[in-house]
Amino acid sequence: MYTVSTLSPLIRTRECPALPELPGLGPVLSRIYRARGIRTEQELVLTLQDLEPYHSLKGMDAAVEALLPVVLRQKKLLVVGDFDADGATSTALVIRALHMLGATRVDYLVPDRFDLGYGLSPGLVEIARGYEPDLIMTVDNGIASVSGVAAARAAGIPVLVTDHHLPGDELPDALAIVNPNQPGCDFPSKAACGCTVAFYVMLALRAALVERGVFTKETAPNLTCLLDLVALATVADVVPLDRNNRILVEQGLRRIRSGATQPGILALLQVAGKDARRMTSTDFGFAIGPRINAAGRLTDMSAGIECLLTDDPQRALSLAAELDSLNRERRQIEQTMQTEALQLLEQVRETDERRTGVCLFHREWHQGVIGILASRIKERLYRPVIAFAPGDQGDLKGSARSIPGLHMRDALDLTDKRHPGLIIKFGGHAMAAGLTLRSDALDAFSDAFDAVCRELLDDADLHHRLDTDGELSAQEFTMDLAEQIRLGGPWGQGFPEPLFAGEFRLQQQRLVGGHHLKMMLQPLRSDTALDAICFNIDTAVWPDYDRDILRCVFQLDVNEYRGQRSVQLLIRHIE
């Protein structure tokens, strides 16, 4: 989760406007929120009443009209999902919501990552025909499925696309498209994840059923019981936490902490050793999300979806244990791939130390793990990285991760336009994307992608920066402040968890678990030593930390061990 960087980052203090303290928060929390753009106390009130309404989502009326027969006439719907946490939660949410609204003929289908790849492809349509659906609804995919939607239409199956990914030059010829990032959509939260889009569609459908007298406002199902799924998807998919997303995450967290959540989420927390009553947004990203994603990475996503669909606590726990086992297997595969990637990097440095856009390939790498590998290497190099593995059709599958300053999907689009024919297909976001290459195109693509990266990034962009919230006084290393930060936020992409910088006297240090550095650190100008831990350190670097004084970037956290709670520093960087 946290590493000692092999780079020497520029440690900066976030700019904070000179404004009065926010009421009831004190100087540190006020400084933290001000630095994240909070200007008024009202912006911290994350209630459902302040959610953006669904009316401004383009295509919503047509989507509701397409779904009404699924409820009113029991037409058969097939939900086509995706093989990540956002896709799994979206699938589970739609099925749960439609059952609550009275639909009885709803099934789901998720493409196998290794056979059919991402999205509604013509091959997946052939499988879907066997379900004999009256309507296909995509969740967390579909905006790039031009040929798949055409194949479905040719087979007489209309398609409703709900997605959040950036569209290409051509939109699919679907019955309706709901995507806040499609041209002409005025929905203000462009950072909505796929599950949020699906949730909004279900809200609109519920309202339409009330208008038609199927329910009254009092008898209509309360779909806010599904916000735990939306919150999980929002954090796990690493979309920016704008105000709308922060409301969704906060409301989902409140449900989980109160125990009013899906049995599958409770089971996943249990196998991860987490207390639902003290759930934080970080737990979505590091405890629940990876376990669900492991199913889609190594096998298929059915175990993840079924875990989120079941109402039987024992079945949920059994499925959660299966997902936990898959996640441990994924970690082992990833560790091997990281070792191989670092060896490849040495070869890259020998041939071209100036390479800005880094492409890595190994013929034995696992398609399902290259995304995590690309993230790890990106963090190590602070360069855009694409990791490739062999595809099943003789092609190459790539997963790309970027750094601030380079919009990955736009960079791939520019590379494709300048060198047509190298890339078979691609799609994604600013910070992450996926692509497929011809098997003989890797060298040419690597050079072309590197040229685009060099053009779009300058030296300043390539210097790793660690933005902190300044220093803490000796009196501010308190349990009260640590608890307020832990339960504050919610923190995530675009609304980062607070980091602090400071100098400490090193009193003790030892390795635990093979590669975690456990320390006792005493803040200068303080007589009290604090527990500190740095996860996943580079053991080759660790022996250098034998000086009396260390400068650290850290999170102020709460350690819970055998019923005892104490302040702990989570170290992000040491120098």
Side-chain angles (χ1 to χ4, degrees), residues 54-71 73 75-83 86-87 90-91 93-95 97-98 103 105-111 116-187 190 192-205 208 409 425-429 434:
Y54 56 77
H55 307 90
S56 59
L57 275 163
K58 182 180 178 181
M60 187 61 86
D61 290 342
V64 169
E65 288 300 318
L67 286 169
L68 279 171
V70 175
V71 176
R73 294 161 50 199
K75 292 292 186 178
K76 187 171 185 180
L77 175 71
L78 181 64
V79 180
V80 171
D82 184 23
F83 37 66
D86 190 11
S90 302
T91 303
L93 181 142
V94 167
I95 293 172
L98 286 171
R105 303 180 67 207
V106 183
D107 211 335
Y108 72 88
L109 177 63
V110 177
L116 295 171
Y118 170 79
L120 182 66
S121 63
L124 190 67
V125 170
E126 281 302 306
I127 298 174
R129 291 177 66 180
Y131 289 77
E132 299 182 346
D134 297 300
L135 174 69
I136 289 175
M137 176 181 179
T138 70
V139 291
D140 191 35
N141 74 94
I143 197 66
S145 301
V146 175
S147 59
V149 171
R153 287 179 64 91
I157 309 170
V159 179
L160 161 61
V161 169
T162 73
D163 200 355
H164 70 122
H165 293 93
L166 298 174
D169 295 333
E170 182 182 0
L171 296 179
D173 187 16
L175 188 63
I177 298 176
V178 183
N179 182 336
N181 290 301
Q182 68 175 307
C185 184
D186 296 327
F187 189 69
K190 302 300 182 184
C193 68
C195 192
T196 294
V197 177
F199 177 66
Y200 270 95
V201 172
M202 294 298 105
L203 290 179
L205 177 60
R409 189 199 172 280
K425 60 181 179 179
F426 68 94
H429 295 297

A.B. asks: Evaluate the side-chain proximity of Ser145 to Thr138: yes if any heavy-atom separation is below 4.5 Å, no if none is.
C.D. replies: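 SC-SC contact between Thr138 and Ser145 ruled out.
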A.B. asks: How far apart are the C-alpha atoms of Val80 and Val139, what are their side-chain angles, what is the distance that settles it, and do they pass the side chain to side chain contact (heavy atoms under 4.5 Å, CB included) test?
C.D. replies: CA-CA 6 Å; Val80 171; Val139 291; over 6 Å; no
A.B. asks: Nearest 0.5 angstrom please: Leu109 CG to Leu124 CG, how far?
C.D. replies: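 Answer rounded to 0.5 Å: 4.5 Å.
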A.B. asks: Run Arg129 and Ile157 through side chain to side chain contact (heavy atoms under 4.5 Å, CB included) and show every step you take.
C.D. replies: CA-CA 8 Å; Arg129 291 177 66 180; Ile157 309 170; 4.0 Å; yes
A.B. asks: Find the distance between CZ (Phe426) and OH (Tyr118) and round it off to the nearest 0.5 Å.
C.D. replies: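 Atom-to-atom, Phe426:CZ and Tyr118:OH are 13.5 Å apart.
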A.B. asks: Given 3.5 Å as the limit, does a donor-acceptor pair link the side chain of Gln182 with the main chain of Pro167, or not?
C.D. replies: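 Checked: no pair found.
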A.B. asks: Hey, does the side chain of Asp140 reach the backbone of Asp86 with a donor-acceptor pair shorter than 3.5 angstrom?
C.D. replies: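 It does not hold such a pair.
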A.B. asks: Locate the shortest heavy-atom distance separating Pro111 from Gly81; write the atom from each residue and the value.
C.D. replies: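 Heavy atoms only, the tightest pair is CD-O, 3.4 Å.
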A.B. asks: Let's go through Ile143 and Leu171 carefully: what are the C-alpha distance in whole Å and the side-chain angles of both, what is the deciding distance for side chain to side chain contact (heavy atoms under 4.5 Å, CB included) to 0.1 Å, and is it a yes or a no?
C.D. replies: CA-CA 6 Å; Ile143 197 66; Leu171 296 179; 3.8 Å; yes
A.B. asks: So how far is it from Ser121 OG to Asn141 CG, rounded to the nearest 0.5 Å?
C.D. replies: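 The OG atom of Ser121 sits 9.5 Å away from the CG atom of Asn141.
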A.B. asks: Side-chain polar contacts of residues 192-202 - donor-acceptor pairs under 3.5 angstrom, sequence neighbours left out - could you list them?
C.D. replies:
| unit_1 | atom_1 | unit_2 | atom_2 | d |
| --- | --- | --- | --- | --- |
| Tyr200 | OH | Glu52 | O | 2.6 |
| Tyr200 | OH | Asn244 | ND2 | 3.1 |

A.B. asks: Tell me which one of Val159, Leu78, Leu67 satisfies side chain to side chain contact (heavy atoms under 4.5 Å, CB included) with Leu135.
C.D. replies: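 Single pass found, and it is Leu67.
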A.B. asks: Quick check for you: to the nearest 0.5 Å, what is the distance between Leu205 atom CG and Met60 atom CE?
C.D. replies: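 Rounded to the nearest 0.5 Å, the CG-CE separation comes out at 10.0 Å.
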A.B. asks: If you measure from CZ on Arg105 to CZ on Arg73, what distance do you get to the nearest 0.5 Å?
C.D. replies: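 If I round to the nearest 0.5 Å, the distance is 11.5 Å.
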A.B. asks: Kindly write out the residues that satisfy side chain to side chain contact (heavy atoms under 4.5 Å, CB included) with Ala62, not counting sequence neighbours, or none if the list is empty.
C.D. replies: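 Residues passing side chain to side chain contact (heavy atoms under 4.5 Å, CB included) with Ala62: Ala176.
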A.B. asks: Can you tell me if Asp134 uses its side chain to pair, donor with acceptor, with the backbone of Lys75 under 3.5 Å?
C.D. replies: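 The answer is no, because no donor-acceptor pair under 3.5 Å joins these two groups.
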A.B. asks: Go through Asp107 and Lys76 one step at a time and tell me if the salt bridge (Lys or Arg N to Asp or Glu O under 4.0 Å) criterion holds.
C.D. replies: CA-CA 8 Å; Asp107 211 335; Lys76 187 171 185 180; 5.2 Å; no
A.B. asks: Go through Ser90 and Val94 one step at a time and tell me if the side chain to side chain contact (heavy atoms under 4.5 Å, CB included) criterion holds.
C.D. replies: CA-CA 6 Å; Ser90 302; Val94 167; 5.6 Å; no
A.B. asks: Could you check whether any side-chain heavy atom of Pro180 comes within less than 4.5 Å of a side-chain heavy atom of Leu57, counting everything from C-beta outward?
C.D. replies: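 Side-chain contact under 4.5 Å: yes.
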A.B. asks: Look at Lys58 together with Asp186 and state whether they make a salt bridge at an N to O cut-off of under 4.0 Å.
C.D. replies: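 Looking at Lys58 and Asp186, the cut-off is not met.
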A.B. asks: Where is the tightest heavy-atom contact between Leu175 and Ala66, given as atom of each residue plus distance?
C.D. replies: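 Distance-wise, the nearest heavy atoms are CD2-CB, 3.6 Å.
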A.B. asks: Drop me the distance from Leu120's CG to Ile136's CD1, to the nearest 0.5 angstrom.
C.D. replies: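 The CD1 atom of Ile136 is 5.5 Å from CG of Leu120, to the nearest 0.5 Å.
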A.B. asks: Run the side chain to side chain donor-acceptor pair (under 3.5 Å) test against Asp163 and tell me which residues pass, sequence neighbours left out.
C.D. replies: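 With neighbours one apart ignored, the set is His165.
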A.B. asks: Heavy atoms, side chains only, cut-off 4.5 Å: are Val178 and Val161 in contact?
C.D. replies: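 Contact flag for Val178/Val161 side chains = no.
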